[in-house]
Each structure stands twice: as C-alpha cells, then as structure tokens.
Amino acid sequence: MDKTFQPANIETRWYQEWEDKGYFAPQGGEQSYSIMIPPPNVTGNLHMGHGFQEAIMDALIRYHRMSGCNTLWQAGTDHAGIATQMVVERQLEGQGINRYDLGREKFVEKIWEWKEKSGGAITQQMRRLGASLDWSRERFTMDPGLSKAVQHVFIRLYREGLIYRGQRLVNWDPVLHTAISDLEVISEEERGHMWHFKYPLASGEGHLTVATTRPETMLGDCAVAVHPEDKRYANLIGLAITLPLCDREIPIIADDYVDREFGTGCVKITPAHDFNDYEMGRRHGLPLINILNDDAVINDTAPISYRGLDRLEARARVVADMEALGLLDKVADHTLSVPRGDRSGVVIEPYLTDQWYVDAKKMATPAIAAVENGDIQFVPKQWENTYFAWMRDIQDWCISRQLWWGHRIPAWYDTDGNFYVGENEEAVRQENTLGDTVILRQDEDVLDTWFSSALWTFSTLGWPEETEELATFHPSTVLVTGFDIIFFWVARMIMMTLHLLEEVPFHTVYIHGLVRDSDGQKMSKSKGNVIDPTDLIDGIGLEELVLKRTSGMMQPQLAAKIEKSTRRQFPSGIESYGTDALRFTYYSLASTGRDIKFDIGRIEGHRNFCNKIWNAARYVLMNCEKEDCGTSNKAAVELSLADRWIRSKVQETAAEVTRAVANYRFDLASQALYEFIWNEYCDWYLELSKSVLWDDGASPEAKRGTRQTLIRVLEISLRLLHPMMPFITEEIWQSVGALAGKSGPTIMLQPYPEPNEHEIDVRANKDIEWLKMVIEGIRNIRGEMSIPPGKELSVLLRNGDENDRQRLSTNSQYLRKLAKINKIDWLGVDDAVPLAATSLAGELEILVPMAGLIDKEAEIVRLSREIGKLENDLTRLQGKLGNAAFVDKAPAAVVAKEQNKMQAQQQALETLQQRLSRIRDI
RNA sequence: AGGGCCUUAGCUCAGUUGGUUAGAGCACCUGCAUGACAUGCAGGGGGUCGGCGGUUCGAGUCCGCCAGGCCCUACCA
C-alpha cells in the first residue's frame, strides 16, 4: 500500500467493476426500497447541487441495499423542452440556419442526434460520484414507453374534464415564442419610470390623468377605471374618453379594485395585456384589444404609425407623441417588479392565446389530504407549510408550449375550429365519425416537460402496463430533492399520481438545502463562481479553471471580473481530493438548513480523513497479514480492556449512525463516524494495541485477541462507512474482509452492521475514560512545562481509592507506553509530598516531581489558572444550591447531582491550593 | 403587502423533551522526524449563544418586541 491514499488509482476501476457485475440492480429481499432520481436535464452538466443530491441518494440506497432491502435506484433524464431546443438552435445558428429552415421534422431529428451524442454527459459524471444507479433501467422522458404514458394521461384527463382548452392571458416569452407557466416567471424589482398621461374627455372639456409603467399598452386601452366611491370622479363615471393617438372612444368605468390613494386614482385598463385588467374587463364586458404579435412587435390592430415597432421602440414613440400633443403630464422614477422568463431572461408579456390547462384545483384536494394525514411526510416537516400554502391557492396549470421538442398534444382540429382528442388521427376520425372529407390537423404544441416529469415515479416502471416492477417498487420510498422544485415537481407528482394510480408517489419527501459558494452566493455561470464537482475530484489547474469559467458566457463583459476573482480565490487552481472526500464533505454539510455554503477548506479536512483511514488500514494490515488473527473463532482469544472498549465503542457508533440515517441527518452520521474512527480508533485504540503487539512478553492469546479486534473493528467501520465513502472502503475491504472472516466479492453487498447492545461494555468504557484522564493529565503537564515528548518521566500517584489502585495495576503497561513513563509509584497519604507539578483525575492526584524538569513559575501559572476555573465554578454552584427555590423545586436528582459536583470541586480546589502553596513556599 | 426562516468561537456549522464548565472541523499559538499517517502526533488559547424584556428554581433551547440577513407567495396601474 502507498503511504498516502491515491483515490485516482482506484475510483474508476471499482465503479467499472460494480457496474459490469450488475451490483446496482435490485438484488431481491422482502422489503423493497426505491428512489426515483429527480431526472436531470439531458442538456445538463453536473453541478454542485446534483453532486450533493446524488451523494445523499446514493448513501440511502447503499445503506438499504446493504441492509437487505430489495433496492432500486431508478436512473434517467428528462427532455427539458425549452433548454434542449435552445441548445440545438444555438448550434444551428453557428451554421447560419434556424429551425424554420429545417422544418419541424428535420429539427426534431437534429435534437435526437444531439441527444445521442451529448445527452449522456451528465450520466458519465454521475458515475464519477460513485452513484449506484441501476443503469440497466435508465429511462428518458421521451422514450416510447414514457411517451405512451404521457399520451394516455392527457387523453384520460381530458375525458374526465380535468384538462381543458381555453383562451386566456398567459405568460408569453416573445423570444422563445411560447407560453410558460407562472412558476417559470421570475419577478424582480428593477428601476423604471412612471409616465403620467392626460386623457381628454370625449366631451372636449377637461381630462383625466392616468399613470402607467408601460406606455405602449395605451394602444390597447379599453377603459379608464376609477373607484366607485371616489368623489373626485363620481360625476364622470359613464362618460367617455377620447383615447389619444388611437382615435377611439373608451368609457370611464367604476370598479372597487382601483386604489383611490395610488397615483391619481385613475387607471387605464388594457384587458389584453395585463392580468388585473383582464379580470376587470371581464367584469365590465370590455373588448380585448390585442396590439402585439408573437414577438412583442406592435401588430396591425394599432394605429399605423406604430405597426412593426418593437415594444420598447413603441414605448419611446408613444411617449414622444404624447409629449408633442402636450398630454405628457410628467415622468417619475419608479421601482417596479419586472417579470422575466427564467430561461430567456426577457421581459414576459401577458398575451392572449389559446392554451391547454390542467384543472389543478380539483386535483389539489386529495393531494393536500395525503400530506395532512401523513401518507406523505416531508423532512424537515417545516416544508409541509410551504406545500400547503401553494396548494391551497393553486392556479390552473398551463401545460401547452409552443415548441417543437416534447410530447405533441394529441388533439386534432378541423377547419371549423372544432377539436378532437384521441390517440391518433385515425382513432379520432373513428371515434367522432368524421368522414375522409374532413381535413384534420394536429395541434402544433407540445406539453410542458413537467407534465411528463409528474408521471416519473410510475411511467419509468412501465405504467400503464401492470408490471411487476410497478407492483414491487411503487410507491417509491423517498423522494430526495431541493425546496426550489416543491411546486414545479413534487406537488404535481403528488396530484397526478394520486389521481391516476390512487396511491402516493412516495412516502417521504426529503428536502435538502441548496449548495452555495463560500460567500453564500448562489452558484451561477454569470457570477463565475461555479465549481464543477469533478474538478474537486480530479483537481484542475488555474488556467484551465479560468478558461472554464469565462468561456461560452451569455455576458462576456463579466469575464475580466470573473477571471480576477478566480485567480484570487484559487491562486494555484484546485487540488485533487477524490470522490470519497467530496462525498463525505457533502454529508457533513447535510443538516436541516436551507443553504449549504461550500467551503473548500472542509473538503481538505476530509481528504485528510481518507488518508487517516488509509494509514490506519496500513497499520492494521502490517500487523495482521500473515499473522494469527483469530479469524476462525476456534483458537483461544484473550481480550484486553482496550479490546473490549473499542468493540463497545464501535457498537455505540453503529447505533448512532443508524439513528442519524433514519432521520436523514447525514451530518450527524458522518460526524459520528469521523469522531469514532479518528479520535477513538486511531488516536487511542491503535496506540493501545501497540503495547500488546510490541510486547514480547504478551501471550499468544492476548496478541490474537488484539489482532482480532483490530481487524474486526476496522472491518465493521468500513461497512459503516461504505454508503458514504464507497471507493476507499471497497479498496481496503478487499484486503481486510477475509482477515476478519468475511467472504464475498464486494463490500457493497455485505450486510450493514446492526448495532448490538450486548456488546456495549459500560465497565470497559469507564475504565478507559479513567485511563485517558490520567494520561491526559500527564500530557498536559508535559505540554505546558515544555517537557520534550521523548523524555521519560517518573510519576507519583496519591490519594486514590481502591478503584484507582485496581485500574493502575491492570493498566500500567498502557500508561507507560502512552504517557512515556518509566516509573509509577504510590505515595502514602502521610508521606511527604515532593515538589511536583500536579494534575487531578477525580480525587486521584498525579504528581510529576520537578527535579530539574519543572519550571516553578510555569507551574504556579498553570495551577493558578486551574484554581481560578474551579473557584468560578464553585461560586456558581454555591449560589445555585444556596437558592432555596432551586433546592425545593428542581427534581431531586438534579439537586443531588449539583451537590455531588460541588463536593468534588471543593475537594479538587483544596488539593490544588495545597500544591500551589507548597510550590510558593520554596 | 402577506407568510416563513436564519443570527452560537476568526470562518463553516452541530447543540434532541429547558438541567454538568455550550461542542466539532478549519484557522491560530507552542512543542515534536516516536517503527500507520507531517494529508501527521501531543498540548493550548478563543464564545456575556444578535439586542432588550418576559415565563421558570433554572433559558442557546419556550414567549413577546427590536435590529440585521435571507427566502417564498402576491403585486398598485
């Protein structure tokens, strides 16, 4: 074995073997356990969020697979309608063509070609993370089976009246030329202006003043509204306005939606271009005047001089023309929230179109109930409120998209505007008895990608066929996802699955935090703070990192800034840390919080942890290979105190890890393992074992017992750790397993250690605690007195009880070795106490005689500090116990505890004070 | 505008139903080539738990107010 752990040498080798041997597939077992991966986009590259999420799922899957469950981790990707179409369109752009040049069929072919070639990138990266997905069952949302499920669901919901077609205002992306759902619109505050326009009354006398942030919409105005009780305008209600620039008359109407306090109290109403105005228009029977084309250019409904202008050009022209007419009252700076498309980033227009909708309100009721009654549980529970809040006020879901890539809507139109929903044109003709003379044309639109994702838990298992997989693995056990898609995906899955299968899609939803950079900033390409998980695994040079962060940018002007900050943050690039260290870091950060700040320092510590494990294994193997390790259980074995203690500790650790995983607390699980392996097993047990293994006088039974303990505890630790650190544990286990009496081709199919309470040895724990206390007392003196670690000491003990004497006599070999002592003697109570540095272990006094070693002043400082601490503490205790209310009201056990503590502290204080005055006296 | 979350050591975070002297990692200081490991070993320093008030024998933990930070939903033209 190398002296340091070299992850690169082993990771891909083991992954290849696991995958080739089919270990990731379900292995049978009574209890099934399944996780459906949140399908990443085919266009995607692995980012830190994926890495984190997959690390968690893989730990759960490996843990339950080892625990004997019939385990399925369903692999797959989704087709990401808009994103994928954009990627391929951009490629075509490079060749100087657009999708219309190609036509729909050819364009979709191009996308498939692209998908075959590049769509697998992310699944390759997932393999680097060690994710044990069942690749043999990999699915894609556009696969024939899944497409069939999508079509089936659409037709069924349509026939049940849960899908309908309607003309509504939608969120329209004028660049992508498609409707998008409410959730895909991001509104943020931006600085803009508020224009105040005078609208002359039709009578020719006087005017009203309206305010608007979008002047161009006035071309579509259909009314001016005032509050019905607004005295200022009461006499104008029912009169008309002559709409400037348009030569139309529009009414003045009254509606209590209007806020009298805001602006002038008069609102221009544009029903075709504003959601609130649309509602008001419906209330008042106003017409809808649409003034825009698909690309937000003014259409032919508008006065001729504005036609063909982009919305912003039109805005400037309208303002200029109004000013020229003397109708521009004023322009004020105004901060407003601007809706932008989350993909394109352009301002979204409310736009009147025909679209398909899912009646979400009906489907929400059972979906709410399923969470209320506990059929589905969120972890942390807190997220249920987020879910409820949205579900109780849910809006109908616009599911049609004006794209070419996706599941085409199975609806056909005749030339009279009638439409028919069915499996295909032939079926539609038959079902509706349409003769051959009727010309049918299929709906051009496709379905929202989330529509197919909503079916993911069961469409991947073969539904609508009644497959064995469906019976075995559905409902899935747990969904692991981020809070950002509770609405997009989780809620819609719950609604769809409950309605279609009459069962929940999953029993638990584990919501994890979102990974941010070390400053708490969201990682994004435009901020240039993205870290690619594979770069943490393999490492990356500075130049390459700068290049990676600054190439292919949407906003190239930011490149210089990004380069600068990258060079500052990673002056020598990123080192290689390996997958196990990265994964362990993810787990250590996986607490209940919402944000996960990823600090590079954390991963370095965990790489060191890997190295620690590696070297502990080296030590164990050096001492156990080709030696008698009591593997067979036949030969007589003598277990030392240290052996019994570490066997006990590993059981406690197993219990802690099991509890933590059951609660999805991977931070606690990882911490328990780190603490046990480093601070107990390595720091203490391995050191303790040396005093047996290196002692020529030790019996063969004792050596056998120590070797057996070394190897068995290591082997258990490896299995405990394997779900989190799959590679290093496998590599080491291959050598350790057999020595520990285990057989099998891989650790990943070994049973997960079940905590065994009978092996918890309270007595051994206490004895070792005593031993540590004594050793630490001596080390403290050594450290503070600057006595070189190599210098052997002789030590006197005083004032101990029978237990102390007993423990000393059985453990003196440990003490000699770990505290570097050559001589330990008891001092009688009446014996003269020599000048010495003092430490306490309970009532036991540990004295290191000064004899030229100890600096008098330093010892005075040290003792004074200890005494100060004790005095503080005693004052607090005395106050507490002197308080009658405390003694009366607190539970007796608590009071007794405090009293015992006070006694012990008093005793310790006295002892130390005596020692201090003794030293001062010389 | 409504709702929610967060604030603990220099940094990143744990802290179960209120009950030892509030813990860890990293960073820091001191010493050390000791036969697994310098990606290491040993020792050490560092916190009035955001502020104020309340409940309680007892509050990092429960309640109220304030300050700062973040998020979600809705959106006033």
Euclidean distance, atom [atom1] of residue [X] to atom [atom2] of [N] [Å, nearest integer]:
| X | N | atom1 | atom2 | answer |
| --- | --- | --- | --- | --- |
| A/Lys522 | B/C70 | NZ | P | 14 Å |
| A/Leu818 | B/C32 | CG | P | 21 Å |
| A/Trp614 | B/U39 | CH2 | C1' | 14 Å |
| A/Lys597 | B/U12 | NZ | P | 5 Å |
| A/Ile787 | B/G31 | CD1 | P | 15 Å |
| A/Arg315 | B/A77 | CZ | C1' | 13 Å |
| A/Asp595 | B/C71 | CG | C1' | 8 Å |
| A/Phe598 | B/C11 | CZ | C1' | 15 Å |

Contact class for [X] (heavy atom, under 4.0 Å): base, sugar-phosphate, or nothing?
| X | value |
| --- | --- |
| A/Arg779 | sugar-phosphate |
| A/Asp873 | base |
| A/Cys682 | base |
| A/Arg260 | nothing |
| A/Asp259 | base |
| A/Gln382 | sugar-phosphate |
| A/Ser588 | nothing |
| A/Asn623 | nothing |
| A/Leu668 | sugar-phosphate |
| A/Glu575 | nothing |
| A/Glu776 | sugar-phosphate |
| A/Thr212 | sugar-phosphate |
| A/Pro788 | nothing |
| A/Ala616 | base |

What distance, rounded to whole Å, do you find between the two [atom1] atoms, one in [N] and one in [M]?
| N | M | atom1 | result |
| --- | --- | --- | --- |
| B/G23 | B/U8 | C1' | 10 Å |
| B/C66 | B/C26 | C1' | 34 Å |
| B/U34 | B/G19 | P | 47 Å |
| B/G18 | B/U61 | P | 11 Å |
| B/A59 | B/G64 | C1' | 15 Å |
| B/C52 | B/C57 | P | 23 Å |
| B/U17 | B/C13 | P | 22 Å |
| B/U56 | B/A14 | C1' | 26 Å |

A/Trp694 aromatic ring stacked with six-membered ring of B/G35, 5.5 Å and 30°: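 According to the criterion (under 5.5 Å, under 30°), yes, A/Trp694 stacks.
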Kindly say if [X] contacts the phosphate of [N], meaning a side-chain N or O under 4.0 Å from OP1 or OP2.
| X | N | value |
| --- | --- | --- |
| A/Lys3 | B/A38 | yes |
| A/Asn883 | B/G58 | no |
| A/Asn615 | B/G40 | no |
| A/Lys901 | B/U20 | no |
| A/Lys690 | B/A36 | yes |
| A/Arg607 | B/U39 | no |
| A/His334 | B/A77 | yes |
| A/Lys268 | B/A77 | no |

Have a look at [X] and tell me which of [options] forms a side-chain contact (heavy atoms from CB on, under 4.5 Å) with it.
| X | options | answer |
| --- | --- | --- |
| A/Leu582 | A/Phe52, A/Phe598, A/Tyr577 | A/Phe598 |
| A/Phe197 | A/Asp221, A/Asp329, A/Thr212 | A/Thr212 |
| A/Tyr685 | A/Leu714, A/Thr706, A/Ile677 | A/Thr706 |

Has the side chain of [X] got a donor or acceptor that lies under 3.5 Å from a partner of the other kind on the base of [N]?
| X | N | result |
| --- | --- | --- |
| A/Arg602 | B/C13 | no |
| A/Glu687 | B/A36 | yes |
| A/Ser591 | B/C13 | no |
| A/Lys612 | B/C37 | yes |

Under the 3.5 Å Watson-Crick or G-U criterion, the dot-bracket string of RNA chain B, with | for inter-strand pairs: (((((((..((((.....[...)))).(((((.......))))).....(((((..]....))))))))))))....
From CA spacing to verdict: salt bridge (Lys or Arg N to Asp or Glu O under 4.0 Å), A/Lys690, A/Glu687: CA-CA 5 Å; A/Lys690 288 172 183 174; A/Glu687 295 307 318; 3.1 Å; yes
Taking NZ, NE, NH1 and NH2 as the nitrogens, is one of them in [X] or [Y] under 4.0 Å from a carboxylate oxygen of the other?
| X | Y | answer |
| --- | --- | --- |
| A/Glu776 | A/Arg779 | no |
| A/Lys772 | A/Glu680 | yes |
| A/Lys766 | A/Glu769 | no |

Salt bridge (Lys or Arg N to Asp or Glu O under 4.0 Å) between A/Lys703 and A/Glu627, worked out: CA-CA 10 Å; A/Lys703 289 197 173 189; A/Glu627 298 282 352; over 6 Å; no
Which nucleotide sits closest to the side chain of [X]: [options]?
| X | options | result |
| --- | --- | --- |
| A/Phe487 | B/A77, B/C26, B/C72 | B/C72 |
| A/Arg665 | B/G15, B/U12, B/A77 | B/G15 |
| A/Phe262 | B/C75, B/C11, B/A77 | B/A77 |

Aromatic plane relationship, A/His606 with A/Tyr674 - under 30° parallel, 30 to 60° tilted, over 60° perpendicular: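 The arrangement is perpendicular - the two ring planes meet at more than 60°.
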Aromatic plane relationship, A/Tyr587 with A/Phe584 - under 30° parallel, 30 to 60° tilted, over 60° perpendicular: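 Correct class here is perpendicular.
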Within 45° cone of A/Phe388 ring axis and under 6.0 Å: A/Arg392 NZ or CZ: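 Yes, A/Arg392 lies over the aromatic ring of A/Phe388.
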Close aromatic pair by centroid cut-off 6.0 Å: A/Trp614 and A/Phe5: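 Here the rings of A/Phe5 and A/Trp614 have centres that are less than 6.0 Å from each other.
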